[in-house]
S.K.: 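One structure, as structure tokens, below. Some questions next.
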Amino acid sequence: MTTLPPLPGPLPTPIQDPRDTGRAHPEDVLALLWEEHRRAPYPDGFRGVDVEGVELILLDADVAGLVLRELDGGLDDDGIATLWACLADLDRVVPVINSAYCASYFAKLRRLARLAAARYLPAAT
């Protein structure tokens, strides 16, 4: 078996992808996902559509406002409660949306909401 000589000098530092939640700060990931969401077009044909008793465009607007508040310094108790209610709605509607793009859009919104809510999880004892 042949052994290779060592590489000269130190190894380069790997570039971190901020979406890699194992190494990045959650705030950085939240900000990156928020920018991606802002650029994504709202699903055609789903304005004013109600799924499982939830009006999708209002759910989108609520989560967007809460994520902005979280990025701007955090949520108060009412904001936290509203965010958890939005997550419950997202968990209910995402599996039954019958459009691939719309389901993907709201699944990404759910990921964004979960990340915003992560710091408000009770500590394990």
Side-chain angles (χ1 to χ4, degrees):
M1 184 165 132
T2 309
T3 351
L4 297 173
L7 293 173
L11 293 174
T13 305
I15 297 172
Q16 276 186 299
D17 181 344
R19 290 175 282 195
D20 180 355
T21 57
R23 291 180 272 166
H25 293 284
E27 306 84 37
D28 296 338
V29 177
L30 183 63
L32 177 71
L33 292 177
W34 168 244
E35 285 305 314
E36 287 178 3
H37 181 74
R38 279 184 359 98
R39 289 181 173 80
Y42 189 82
D44 284 337
F46 284 87
R47 293 185 195 289
V49 171
D50 180 285
V51 174
E52 296 288 313
V54 177
E55 186 146 350
L56 296 181
I57 200 159
L58 295 178
L59 180 59
D60 183 51
D62 286 346
V63 172
L66 292 162
V67 167
L68 279 173
R69 286 173 49 198
E70 176 62 18
L71 288 169
D72 195 34
L75 298 172
D76 59 14
D77 289 342
D78 287 339
I80 295 166
T82 302
L83 180 60
W84 285 108
C86 288
L87 274 165
D89 287 344
L90 286 162
D91 286 342
R92 193 168 67 248
V93 301
V94 169
V96 297
I97 294 174
N98 62 0
S99 157
Y101 177 75
C102 188
S104 171
Y105 180 92
F106 280 93
K108 290 175 186 175
L109 184 68
R110 180 172 55 185
R111 181 173 179 221
L112 188 63
R114 283 182 179 163
L115 192 56
R119 71 183 259 194
Y120 301 107
L121 290 172
T125 56

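Starting from 1, each residue takes its place in the sequence as its number. None of these values were measured; they are calculated from a predicted model.
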S.K.: Side chains of residues 54-66: which donor-acceptor pairs under 3.5 Å do they make with residues two or more places apart or in other chains?
M.R.:
| from | atom 1 | to | atom 2 | distance (Å) |
| --- | --- | --- | --- | --- |
| Asp60 | OD1 | His37 | NE2 | 2.9 |
| Asp60 | OD1 | Tyr105 | OH | 3.2 |
| Asp60 | OD2 | Tyr105 | OH | 3.1 |

S.K.: My understanding is that only residues two or more places apart in sequence, or in another chain, count here; which of them pass side-chain contact (heavy atoms from CB on, under 4.5 Å) with Arg38?
M.R.: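 Per chain and number, Arg38 pairs via side-chain contact (heavy atoms from CB on, under 4.5 Å) with Trp34, Glu35.
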
S.K.: Between Val94 and Val51, is there shared hydrophobic-cluster membership here, with clusters defined by ILVMFWY side-chain heavy atoms closer than 4.5 Å?
M.R.: yes

S.K.: Write down the atom of Leu30, the atom of Ala116, and the distance for their closest heavy-atom approach.
M.R.: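 Of all heavy-atom pairs spanning Leu30 and Ala116, the closest is CD1-N, 4.0 Å.
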
S.K.: Under 4.5 Å between side-chain heavy atoms, hopping through other hydrophobics if needed: is there a path connecting Tyr101 to Ile97?
M.R.: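 As far as the 4.5 Å side-chain criterion goes, Ile97 and Tyr101 are connected within one cluster.
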
S.K.: Out of Val67, Leu112, Asp28, Leu109, which one pairs with Leu33 under the side-chain contact (heavy atoms from CB on, under 4.5 Å) rule?
M.R.: Leu112

S.K.: Among residues two or more places apart or on two chains, list those pairs meeting salt bridge (charged side-chain N to carboxylate O under 4.0 Å, His left out) that have a residue in residues 99-109.
M.R.: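 For residues 99-109, and leaving out neighbouring residues, there are no salt bridge (charged side-chain N to carboxylate O under 4.0 Å, His left out) pairs at all.
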
S.K.: Any idea which heavy atoms bring Arg92 and Val96 closest together, and the distance?
M.R.: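 What the structure gives for the nearest pair is O-CG2, 3.9 Å.
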
S.K.: Which side-chain hydrogen bond (donor to acceptor under 3.5 Å, both in side chains) pairs, counting each pair once, include a residue from residues 42-54, with sequence neighbours left out?
M.R.: none

S.K.: Salt bridge (charged side-chain N to carboxylate O under 4.0 Å, His left out): which pairs involve residues 114-123, sequence neighbours left out?
M.R.: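 Listed by first then second residue: Glu70-Arg119, Asp91-Arg114.
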
S.K.: Enumerate donor-acceptor pairs with a distance under 3.5 Å from any side-chain N or O in residues 71-78 to protein atoms, sequence neighbours excluded.
M.R.:
| from | atom 1 | to | atom 2 | distance (Å) |
| --- | --- | --- | --- | --- |
| Asp76 | OD1 | Arg69 | NH2 | 3.0 |
| Asp76 | OD1 | Asp78 | N | 3.3 |
| Asp76 | OD1 | Gly79 | N | 2.7 |

S.K.: Is Leu68 reachable from Ile80 through a run of hydrophobic residues whose side-chain heavy atoms are each under 4.5 Å from the next?
M.R.: no

